[in-house]
Structures are given as C-alpha cells and as structure tokens.
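None of these values were measured; they are calculated from a predicted model. We count ligands from 1, going down the list as the structure has it; atoms in each ligand are counted the same way.
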Amino acid sequence: MNLHEYQARALLKAAGIPVPDGEVATTPAEAEAIARRLGGTVVVKAQVHAGGRGKAGGVKLAKDAAEARAHAGRILGMIIKGLTVEKVLVVPAAEIASESYAGVILDRASQRPVFMVSPAGGIDIEEVAAKTPEKILKLGVDPRYGLLPHQAMRLGFFLYRDVAQARPAAVILQQLYRAFVDAGASLAEINPLVTTPGGAVVALDAKIGVDDNELERKPAIAALRDVSAENPAEVKARNAGLSFIKLDGAVGCCVNGAGLAMATMDLVKYYGGEPANFLDIGGSSNPDKVVTALEIITSDPNVKAILFNIFGGITRCDDVANGIVAATSRTKLAVPIVIRLTGTNEERAVQILQQAGFSALTDMDEAVERAVALAGGGA
Ligand code: GDP
Ligand code: MN
C-alpha cells in the first residue's frame, strides 16, 4: 500500500522532521482559500500514488491565491501514470539552494533496512544510479540497533560538506528511520531534501510504501488507505480475496496457487507469449471468485486470450467450471478461452464445461501453447 505525499509528510513531521505545513484541497476554490490563508508563493501538488509528478506537470508554483486556483483547476482530474488526481496539496513554497535525495528501503537481499542518499536529488534516483552511481551512498542498518549516530553523520557528510547542514541532515535521517520502522514501511523517501538559502535543511516531498502484510499490525497506517487512488482492478481483486498484479502482455492468466501462477507465466514466456497479469484465485476457490477473476481479466483491453490453469486439490475443479459458466452466461467473452484443469472433481468439471460448449484440456503445455497462439504470440 502506498501513502499519499500529504499522509507521508504527516508521519515525517510527527517524527520531528522539518516539513512545510500544507493542506489538502479537492476543488480549485478550496486550493485558492488555502493559498490565501498561507499567503505568499505556494506549491500546488497532485496527490497520486506516482513518482515523477513534477515532470508530468503535477507540481506547480503559484505566486498568489488566484494562480493557485488556476493550477489546481488544471491538476485536479489530470491523469498521471494511469491514476486520476482527486486531491491537491497546497504548501508554502520553500526557496531552494540545493536538492538532495534520502531514502531507506527494506532490502531483501541483505535482509535489513538500507539507506540510500545522494547529493544529486530532485530528479529520478534511478537515473542517478544508472549514470553516476558514485553520487549515491548506500548503507545497511542493523535492525537491532537502528541507524547509529556515526552512521547518520557519515550519510550527512556525504550529502553536505558543511557540518552546519550535515548535522541536521543526520538528525533527519535518524528521524526518517524511526518513521520507517513505526509505519512498518518497506520504503520511506525524501526527494528532494533541500537546503534553503538561509542554510536550513527541509523535506519538500515524502513517499512511504507499506507491505500489505504489515497492515494488520498497524491499524493506524491501514486506515490511511485511499481506495479511490488505487488501480480499480487491483482494488476489486483485493476485495474478492484474489492476488492480482497487472502486467503488460496479451495472455490473461487465471490460476490457483501462487507457485502454479508463477510457473504458468514462465511457460507463457517459454512459448513466446507475454502474460497480461498474475492472478491467483487462492486455495478454497468458490464460483464467485472465478466470476470476479474473469471480470477483472476481461476488463483489460490488452487481453487477447484467456488461460485457466487449475490444479485441483482443495480447489475443486467443478467450482471453477461453475464460475466460468456463470461468468460467461452473463456476459459473452470477446476473446478465446483455454481451460486446463486436473485434479479434484475433474470429470464433473469437464461435464459442466462441455454442456456449456467449452472444451477442457488436462495437459499444461498444450493449454499454454494454445493460449499463446490464440493471443497472437509465439512462433
Ligand atoms: P515529484 O516530481 O513527484 O517527485 O514531486 P516533488 O514534490 O519532488 O516536486 C518536484 C520538484 O518540484 C522538486 O524537485 C522541486 O524542484 C520542485 N518543488 C517542489 N516543492 C517546491 C518548493 O517548495 N519550492 C520550489 N522552489 N520548488 C519546489
Ligand atoms: Mn519528489
């Protein structure tokens, strides 16, 4: 789950990090009122779960309230990386002398939080990593001790030569670490962390991502979820208890079990196709889940063929068959479907499907190869 910038800012502020105070608006008139209250130059910022808002035109300076209203009018409703902007944050504009990057992620490879800082901030850190990796310092943290003062100072001095800035930066990094741990985050990032002409170090942007599996332990964080800002297909899948991740290919996959779903995607690639999604309908699937799964898959215009791959164990093949029949009797499929099922209640499932005019395969290779061909991929 991703937090909005304004939510992440509030967490950083609560941890003691200097962050300019702003307010959220959902209409241009509200943005104008906030800008008037703040006085002076403000920044109007799109609140969507996407980076690179600045480049996309979603971050604009406004020298007065009228201009703030005009910017809000353009930014609200804007689509950035497929997500519609429903809210803007209006904050007093800071004067910027330098922009740097500070982030901490949970690194699976080293099994610990790893800090990344760079004096080349403001822009995509991926670009800095690719072109000038020497401008990034990475430092792993032992979770038993947290970010120790000498480590924080080392990071601070990598960002700033002047001790008058390195020291407050080190404090900010320790506060960032605390916010990261308290939120159960897998990522917490400040980009840009700026210095002002007066020499102060201030956070102007904040990004926090939390693993969904952590939310049960962090109800206060879970309450920050903004469903209206998430990918509708992924929301629908989550509500139905399906694990779904959208991908860019043409073969829509519906599989039971994460392992089989991964193997199916591998096989789609092996036969020259590209999966349109990862979708695990789970163990004890009922027909309703299958109906939802099909609705999600068919709502993707890239899907040119659908592949069911079911290994019946706890999942009963006849449940899946009933789901397929129920879903397709409501709305006729616009793309071909290939069904492979084997295991529990397989014979019953084949009967149900044949009565409804579908055929079913039992061989996984054959099914995947056929689906790839029908989707127009492969040799
Ligand atoms: P992002 O593009 O989604 O990462 O959005 P940011 O919040 O990082 O803003 C993008 C850029 O806008 C920053 O790198 C700054 O250059 C600029 N910006 C953001 N806030 C301010 C501000 O308060 N004052 C000034 N002068 N520029 C700002
Ligand atoms: Mn940023």
Numbering the atoms of ligand 1 from 1, which are under 4.0 Å from a heavy atom of [X]?
X	value
L204	20 (N), 21 (C), 22 (C), 23 (O)
N191	8 (O)
G52	2 (O), 3 (O)
A94	22 (C), 23 (O), 24 (N), 25 (C), 26 (N)

Looking at T344, N345, N256, which one forms a side chain to side chain donor-acceptor pair (under 3.5 Å) with T315?
N256
Are I172 and Q174 side-chain neighbours, meaning at least one heavy-atom pair lies under 4.5 Å?
no
Compare all side-chain heavy atoms of E23 with those of L89 and state whether any distance is below 4.5 angstrom.
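Not touching, per the 4.5 Å side-chain cut-off.
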Answer yes when [X] and [Y] have at least one side-chain N-carboxylate O distance shorter than 4.0 Å, and no when they do not.
X	Y	result
K13	D21	yes
K246	D300	yes
E234	R238	no
R9	D205	no

Quick one: does G54 get an N or O within less than 3.5 Å of an N or O on ligand 1?
yes
Nitrogen or oxygen of E5 less than 3.5 angstrom from that of ligand 1
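Between E5 and ligand 1, no N or O pair is found under 3.5 Å apart.
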Students should be able to answer this: which protein heavy-atom is nearest to [atom], and at what distance?
atom	answer
atom 6 (P) of ligand 1	D205 OD2, 3.5 Å
atom 3 (O) of ligand 1	R53 NE, 2.7 Å
atom 27 (N) of ligand 1	I96 CD1, 3.3 Å
atom 12 (O) of ligand 1	V59 CG1, 3.8 Å

Do Y145 and L148 pass the side-chain contact (heavy atoms from CB on, under 4.5 Å) test, and can you show the C-alpha distance, the side-chain angles, and the key distance before you say yes or no?
CA-CA 7 Å; Y145 311 125; L148 296 168; 3.9 Å; yes
Among K45, K55, E99, which one has a heavy atom closest to atom 14 (O) of ligand 1?
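Answer by nearest heavy atom: E99.
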Does the shortest distance from the Mn ion (ligand 2) to an N/O/S atom of D205 fall below 2.8 Å?
yes
Looking at atom 17 (C) of ligand 1, would you say a protein heavy atom lies below 4.0 Å from it?
no
May I ask you to identify, for V91, whether its side chain, its backbone, both or neither come under 4.0 Å of ligand 1 on a heavy-atom basis?
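The answer is neither.
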Steps toward side-chain hydrogen bond (donor to acceptor under 3.5 Å, both in side chains) verdict (S100, Y160):
CA-CA 9 Å; S100 56; Y160 306 112; 3.0 Å; yes
